[in-house]
There are 4 protein chains.
Amino acid sequence: MMKIAKLLLHCPDKPGILAEVTDFITVNKGNIIYLDQYVDHVENIFFMRIEWELMDFLVPQEKIEDYFATLYAQKYEMNFRLYFSDTKPRMAIFPFHLFPITKETKEEQEKKEMELLAKHKITFIVLARYMQVISERMINAYPNRIINIHHSFLPAFVGAKPYHAAFERGVKIIGATSHYVTTELDAGPIIEQDVVHITHKDTVQDLVNKGKDLEKIVLSRAVQKHIERKVLAYKNKTVILN
Amino acid sequence: MMKIAKLLLHCPDKPGILAEVTDFITVNKGNIIYLDQYVDHVENIFFMRIEWELMDFLVPQEKIEDYFATLYAQKYEMNFRLYFSDTKPRMAIFPFHLFPITKETKEEQEKKEMELLAKHKITFIVLARYMQVISERMINAYPNRIINIHHSFLPAFVGAKPYHAAFERGVKIIGATSHYVTTELDAGPIIEQDVVHITHKDTVQDLVNKGKDLEKIVLSRAVQKHIERKVLAYKNKTVILN
Amino acid sequence: MMKIAKLLLHCPDKPGILAEVTDFITVNKGNIIYLDQYVDHVENIFFMRIEWELMDFLVPQEKIEDYFATLYAQKYEMNFRLYFSDTKPRMAIFPFHLFPITKETKEEQEKKEMELLAKHKITFIVLARYMQVISERMINAYPNRIINIHHSFLPAFVGAKPYHAAFERGVKIIGATSHYVTTELDAGPIIEQDVVHITHKDTVQDLVNKGKDLEKIVLSRAVQKHIERKVLAYKNKTVILN
Amino acid sequence: MMKIAKLLLHCPDKPGILAEVTDFITVNKGNIIYLDQYVDHVENIFFMRIEWELMDFLVPQEKIEDYFATLYAQKYEMNFRLYFSDTKPRMAIFPFHLFPITKETKEEQEKKEMELLAKHKITFIVLARYMQVISERMINAYPNRIINIHHSFLPAFVGAKPYHAAFERGVKIIGATSHYVTTELDAGPIIEQDVVHITHKDTVQDLVNKGKDLEKIVLSRAVQKHIERKVLAYKNKTVILN
């Protein structure tokens, strides 16, 4: 496999950014193999995702980040993240390790969890029916790197027992939402959503069953996009670049 | 066209209801052409919708309601509604007649609207972007007979400007909901919902455009079901019988 | 769990069938808990599915079939199938047992498969990527009891390599179809279909990946409906009763 | 409104194309506002769509095409099309003008149609239930510029009466397909497809009714993409760039 660099960036929109970055890569013999960009004309923000092959690239891999920081970060007030195809994202799924948590032990147990995450060099976390509210400290340690699946079409039915709430309300469609965890419950940037139709005949248990497949699909699509470095969270939304 | 009777009913579930009603129709030479029933096992309520041809039916059309009331209404604590295929539902769409409404004139103007509705023997009302909150008096005069289209996936984004709210929240799907109007805003029984996928590229105006088609389709499906007498509202939900 | 009888039937449509059958059940103290019927007005065929509790039913369980045959089968030219909730459907999934098949050994090996099926009292068969054409003999031994999943939106892309064919044609949507196996390839009665959207960016491998989830869901929905005795195959179509 | 140039191109994939084109635009003071590219790694074809503001662009508008032809067309074996935002696409919808066509008069009448199209400077044609097969001559005069809506999920149910065919086959989903017209019937590059679920209860007329909305939506989406210059037909498929 060819070694590839993936750059995600956003900054206030100005003429010339796109050409300047692509030109820098090309004159240094990087072969651009993918580029997607998007301008939020309301907020006036430029977003870009670009991939190039590193084989003949003149800038050594370990210096690329430094070069971009020097050349563009200040000039364009640019936020950027750089990934390499030979660095695999490392995922933790809560909680295969059992950390019994009570009100009293929560702080201590979370500390142990975080040590375990650090030891395994975890880069992002997937909450699959993790029945604890994540502490602010852990969220801040993994900003836009904790992915949750909520079994409703957010922002409808925030919080516990969304299928019961959907049943009570008599909706004709149920959904699932995958989002980054922020300190506000079920309010983080949405990565992926999907729905299925239901009828008055469906019991709460039917909703649970129908939702199960949906949850898995929506979560796996979100994780897929995350590890392909296609998701750029900005304020409370995501930009999904290709 | 054959003249047809359509009976919708609900009552506490007891053995024998279905057979007793179908038997009554058949021994009186009514030809049953459609039947759908449903039991809500949580609330223990039996729902049924039945259609039969009246050609050879021994009970005169104008007496059928009375017979059902006498035979079943008390025995089974039954709520029922009877329709005939030669009685067309009459629909009013607000507001083709202009009734300028201010805070001061609202009561008086609604009175005039209701006189006009009565004069035209309106049986149900469709709110197509009617920009007024309907008064309790009008709602009570047309219980489960005022159909509204709300441009969101309820219960998400209740109230004004749902597309703006959806844009702000950064959802990946928008919806439309058609429901009966009750005194609580956007909280009446849902008849029909559907959704379309959107992306970060969609502006509020794009959402409005994408939603337009959706609203029309969802509203027309709801109206279709209503005039075919397939919708049975019970508590705050609908049962859609075939 | 209450013991329940489930009756599926179809016959030429005539007045009185529905009432006569429900009346028979009710006067014999069977409590009807579900009924769905449908009339095909083009073919003039009446379809019905009815469930009732057997607890107080006056006709002994083992004689019900005989009674229905005597009372209705000839009078109404009725086809019917009777199931009881305490008789579980038994499913075989091909081919967890390995029967190496060559052109020469096919007949003999299929015979062994059928002996194994008989020994385990298999009532229906699911083909999950079974790479053999089923022989006419086996199909006739399990009429409308062999369920296949075809990875396309039939009748588009019949036969081998449907994802390759879909890719070549440049469709914007791919599908999956679950159907009963008949002697004509991929032409049996369709039980369930669903689709996902794709784009020009999707490779054949992407289609395979996107299709995988879809196939599982479509197949599991079809199997679910089959074992709940909700599927009535008639000519080359299915009627799905509730 | 700012005047904008829109360039669509495709050519064999080589390193440097993207950077060279974007650099050319930027050094000549064109402000790139949108870029989407895609590489077909099977066919090894590079596709790009790029938009830039012309206000300060140093190359005069009427010479841009010539410059691109000189600089890139030969070097990269590039096919490109250039559009300007002040040149509106002109659409003809068949047949608001009545040209009665018989076997004998077809050639002559099509000639008159084409004169009318030329007179009105029509750039593309929409066939909305046009009940004639378009002649090869007319197709060649408007390559990938005649948009048809076919009321099925192509390639299923090619040709006449697709709803009847779908009904006969007993499918559980019907579709609509918008495509460019080529000389082979219903086989041109697909621009847009969508589907709706149906049941055994739906008659042919129900399919027609359900399909109507779908056809309009699928056709309008295809026309929208076409006039925004987002559709690049290549061989028998479309690449939809953003």
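Letters A, B, ... mirror the listed sequences (proteins, then strands); counts begin at 1.
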Step through the shown structure and confirm whether more than 12 heavy atoms of other residues, nucleotides or ligands are within 6.0 Å of OH on A:Y67. no
Contact winner vs chain A - B:S152, B:A156, B:A166, heavy-atom pairs under 4.5 Å: B:A156
Between A:I240 and B:H200, which heavy-atom pair has the shortest distance, and what is it? O-CE1, 2.9 Å
Between A:T238 and chain B, with a heavy-atom cut-off of 4.5 Å, which part of the residue counts as in contact: side chain, backbone, both or neither? both
Look up atom OG1 in B:T199 and atom OH in A:Y38, then write down how far apart they are to the nearest 0.5 Å. 7.5 Å
More than 12 non-hydrogen atoms from neighbouring residues, nucleotides or ligands closer than 6.0 Å to NZ on A:K161, yes or no? no
Counting only heavy atoms not in B:K14, do more than 12 fall under 6.0 Å of its NZ? yes
Whatever's closer than 4.5 Å to a heavy atom in chain B on A:H197 counts as side chain
If you check every heavy atom in residues 184-196 of chain B against those of chain A, which residues fall under 4.5 Å? B:D186, B:A187, B:G188, B:I190, B:I191, B:E192, B:Q193, B:D194, B:V195
Scan side-chain atoms only and decide if B:T177 and A:K172 contain a donor-acceptor pair under the 3.5 Å cut-off. no
Can you establish whether the number of heavy atoms outside B:E77 located under 6.0 Å from its atom CD is more than 12? no
Checking heavy-atom separations under 4.5 Å from chain A, one finds in residues 205-237 of chain B B:N236, B:K237
